[in-house]
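The sequence lines fix the lettering, A, B, ..., with proteins before strands; numbering per chain opens at 1. Note: hydrogens, waters and symmetry copies are ignored here, and every other heavy atom, side chains too, is used.
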Number of protein chains: 2
Amino acid sequence: MSEVRDRRRARGAGGGAARRAERTAVRIEAARFIERNIPNLEILNTEALEIIEANAETVLEEIGVNFVENPAALELWKEAGADVDGERVRLPKGLARKLCETAPSRYTQHARNPERSVEIGGNTLVLAPVYGPPFVRDAIGGRRYATIEDFRKFVKLAYMSKWIHHSGGTVCEPTDIAVNKRHLDMLHAHMTLSDKPYMGSVTEPSRAEDSVAMSKILFGDDFVAENTVMTSLININSPLTFDSTMMGALEVYARSNQAAIISPFIVGGAMAPVSVAGTLTQVLAEVMVGVAYSQLVRKGAPVVAGTFVTSIDMNSGAPTFGTPEAAQVTYGMGQLARRLGLPYRSSGSFCGSKLPDAQAAYETANSLNVGLLSGVNFMLHAAGWLEGGLVASFEKFVMDADQLGALHHIAKGVDLSENGQAMDAIREVGPGGHYLGCAHTQANFQSAFWRSNLLDYKPFETWADEGARDTVALASLRVDKLLNDYQQPAMDPATREALDAYVAERKASEPDAFG
Amino acid sequence: MSEVRDRRRARGAGGGAARRAERTAVRIEAARFIERNIPNLEILNTEALEIIEANAETVLEEIGVNFVENPAALELWKEAGADVDGERVRLPKGLARKLCETAPSRYTQHARNPERSVEIGGNTLVLAPVYGPPFVRDAIGGRRYATIEDFRKFVKLAYMSKWIHHSGGTVCEPTDIAVNKRHLDMLHAHMTLSDKPYMGSVTEPSRAEDSVAMSKILFGDDFVAENTVMTSLININSPLTFDSTMMGALEVYARSNQAAIISPFIVGGAMAPVSVAGTLTQVLAEVMVGVAYSQLVRKGAPVVAGTFVTSIDMNSGAPTFGTPEAAQVTYGMGQLARRLGLPYRSSGSFCGSKLPDAQAAYETANSLNVGLLSGVNFMLHAAGWLEGGLVASFEKFVMDADQLGALHHIAKGVDLSENGQAMDAIREVGPGGHYLGCAHTQANFQSAFWRSNLLDYKPFETWADEGARDTVALASLRVDKLLNDYQQPAMDPATREALDAYVAERKASEPDAFG
């Protein structure tokens, strides 16, 4: 896994200038998506899984779900054999699971740069940035409403971050652009500033249509008809409610064979019971219905079983992140998704802290480790999340992105080749010696250990002389460096013109809407 | 697991005063050691484990180990069937593993308060503070040499920390006390300021003798003869070297039936090969020899298979912490220790950062999660470690100690009782409702979710109004609160006098030695 492909761009050409340029060249590295060579942590035994699965079937049969303001959906459900009463849809036992069977267990999401295409499902793990914050924060400017310029900076940072495979979607809300038009600018940024895969808009079915249309400009009509080029985020209004906006976007994507993550949005204790098994039951029921519905719209449409789980702080009512109960739900839902034969999505850099401080890092590291070991295939919010998702932090983005490198290295598993066994080294060094200079170390040291591009490993005195900088200060420098080193990936000028024209035309076609 | 026992002390007595006192009473909570109800992560398959075990046997047979300046040990090895050549001991295949068989797979370490006694082995996890730093740091005083007053403060903090089960050993080096006498003051502090279990001194065999003698005063001669009351840390000079100081201490403890952790001290790339499989091979070989030796000294002496693994940063030569390679070694060694039938020790709050900032927290959270899931039974350095172990941090101690609560809750596993399944709640709330007020939530919310005693969950505006405090600022307040609330556990005055007298007498018996 983690096959790294390097690209170098020389700043000059020819002779000595070329060699000098080579030495100062910016090196843009991108790791391939993770293919795990380690097992998942299975915290539920078969008996527990079967209890939860049986309970989820009971929920769907007895209680059912609401499809709100969506008569066409109700019609599809009737035809499929569900009991439809007003907006309530009750599913006989086994129906939802049966319908889920036609969803693929793994699919390829293509990027415009084929080397950046990702596989989602099976043993893979794809890492994507934070999604949704209305605010941004950096060390100098503090906390403020996000703008399209902030958005573009995050797209550039994700493009420059070796361990981030995906450009994401609404990395922050560009609040300076009208609500009904900002999806155009966001998609345009992902398509032109990066060559990594991206997510489509879901806030209106028409915006999903725009996402498909712009993707056809980028990839060509035929390619999009036959391939998946977007993975978009469809939230369920837990408990057990499917609204017409999100379902409308899902319908657009499923019909176009574009992938959707079906994700209950759970603050435990508010949108689900205050117990892990109860939450798992509800999440499973909701995911099965959402996935089944996607297959009613189009058999074989690619979908991902999603979870977004936090707990409520029962003292203040605030959501909390990186907690043990969320970990248990994430581990358990991974098992349940695998038994459904579906790719699995969870979240990464979750934290409640207002600052990218120790709290943020504890909570984030807890979530990242859980994501790796619960068999997540698509990790949204893998970098940059702050303050319960209200804030996208520039410094935290690069801090988290650095930690994602550690996940790649753990996932590789243990090398048991003859070189990995290193018996020659142990023989060469012997009791009381040291390994620093031995042949095996010389041959392997450059790739043996993951190395942070951010964290401080200096001796205390050096660190103190250099200003006793904390992680945020180091991260600020790295944000600046990555943005300074950023080079826009090349794009066919005709494609760029067509994208520009589409955005301009659509923006001109209706007045701005805010709020 | 995590059966919590509360003790309350009223500050007054009788009638209204008693009730008022009850309301303001300090509540000292102590969680019972963790008994895991979740599986371990097994990153090595059987084939990989067998390769490493076979390689370790080859290392012991072909290369062997050195027992330095320890003719008595060489004699024991000869009698056991090893090939002894000078100080080099080579073990025929199978000998070390065979000798390990008499070591218990689980033992009880008694505390003077029986409710604080811990079980080490099987599915248990016991959490103990940082060990060894010569410096301390706090937000106000910065970084400075540690003193006995600092040491006592850490013992009090560990006593007051609900999720820390063990008082530890050298929580920091009291550098203001002579090297040859500080063990007496450290033991005295553990014994009198806390009632949790503790570790003995290992820096000289005579200091191990003092530890046994003082324990006999505390517990009584007969009790110590028949029970384990200390778990002490015996480091191996990796690669493959057993020095007479540490082995001398091990001999004292094994003869007294007191437990020892046999821990190779590895900075990967320096004391072991730059590969995970190679490091595991060497660590396994070293642990087997150390454990086997303890059984030569006394069959059945309790021992713990230890690891202390960091990686070297190949650019600077600095050790790094919380890294993926250390995680893999820790997971793998857990599997190898279980196949040896031994309790397992690893490390917790590992980090390289100079400050208790985001770097410290990422690295620490990585290590804590790995410790939980690798089946560690005794986690040393579970709280307070900073700057590669050079510094014990007061703020980080309480930050880490808070995170340890999350480990307890994950380890509990998922409740699948009828109450845990929460089907009544799902039925009561139904589609589109919320769970905040439902009967199941009301009945369960107080214990449903782990809740931090430290981290910030407040709304942004409240947090900003209160000074926009980061985790370190909150931790400083908590350090002060815990030390302010501290109440010394009661002790029989005769025991206290005898301990005081022993320390005074031993201190008077030789001149101070420094350096």
Test item: [X] and [Y] side chains (from C-beta on) under 4.5 Å apart, heavy atoms:
| X | Y | result |
| --- | --- | --- |
| Glu325(A) | Ile410(B) | no |
| Asp415(B) | Val276(A) | no |
| Ser275(A) | Gln421(B) | no |
| Leu373(B) | Leu41(A) | yes |
| Phe449(A) | Val274(B) | yes |

Between [X] and chain A, which part of the residue has a heavy atom less than 4.5 Å away: side chain, backbone, both or neither?
| X | value |
| --- | --- |
| Glu286(B) | neither |
| Leu44(B) | side chain |
| Trp450(B) | both |
| Arg451(B) | side chain |
| Thr364(B) | side chain |
| Ile52(B) | side chain |
| Val65(B) | backbone |

Only counting residues at least two apart or in another chain, list the ones meeting ring pair (Phe, Tyr, Trp, His ring centres under 6.0 Å) with Phe242(A).
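Only Phe67(A) meet the ring pair (Phe, Tyr, Trp, His ring centres under 6.0 Å) criterion with Phe242(A).
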
Under 4.5 Å from any heavy atom of chain B, what part of [X] do you find: side chain, backbone, both or neither?
| X | answer |
| --- | --- |
| Glu47(A) | neither |
| Pro356(A) | backbone |
| Gln403(A) | side chain |
| Thr441(A) | both |
| Asn66(A) | both |
| Met423(A) | side chain |
| Leu368(A) | neither |
| Ala327(A) | side chain |
| Glu363(A) | side chain |
| Ala468(A) | backbone |
| Val414(A) | both |

Shortest non-hydrogen contact from Gly430(B) to Pro239(A)?
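The pair with the smallest heavy-atom distance is O-CG, 3.4 Å.
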
Does the [X] side chain pair with the main chain of [Y], one donor and one acceptor, at a distance under 3.5 Å?
| X | Y | result |
| --- | --- | --- |
| Thr241(A) | Gly432(B) | yes |
| Gln359(A) | Asp456(B) | yes |
| Gln328(A) | His409(B) | yes |
| Lys354(A) | Lys458(B) | yes |
| Glu387(A) | Phe460(B) | no |

If I take atom [atom1] from residue [X] and atom [atom2] from residue [Y], how far apart are they, to the nearest 0.5 angstrom?
| X | Y | atom1 | atom2 | answer |
| --- | --- | --- | --- | --- |
| Leu416(A) | Asn45(B) | CG | CG | 7.5 Å |
| Thr323(B) | Leu455(A) | OG1 | CG | 11.0 Å |
| Ile426(A) | Asn55(B) | CD1 | CG | 7.5 Å |
| Phe445(A) | Ser311(B) | CZ | OG | 14.5 Å |

Show your reasoning for whether side chain to side chain contact (heavy atoms under 4.5 Å, CB included) applies to Tyr457(A) and Ile312(B).
CA-CA 10 Å; Tyr457(A) 296 152; Ile312(B) 204 166; over 6 Å; no

Could you walk me through whether His434(A) and Met271(B) pass the side chain to side chain contact (heavy atoms under 4.5 Å, CB included) check?
CA-CA 6 Å; His434(A) 74 76; Met271(B) 292 88 144; over 6 Å; no

Sole residue of Thr471(A), Asp402(A), Asp400(A) in side-chain hydrogen bond (donor to acceptor under 3.5 Å, both in side chains) with Tyr362(B):
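Only match with Tyr362(B) under side-chain hydrogen bond (donor to acceptor under 3.5 Å, both in side chains): Asp400(A).
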
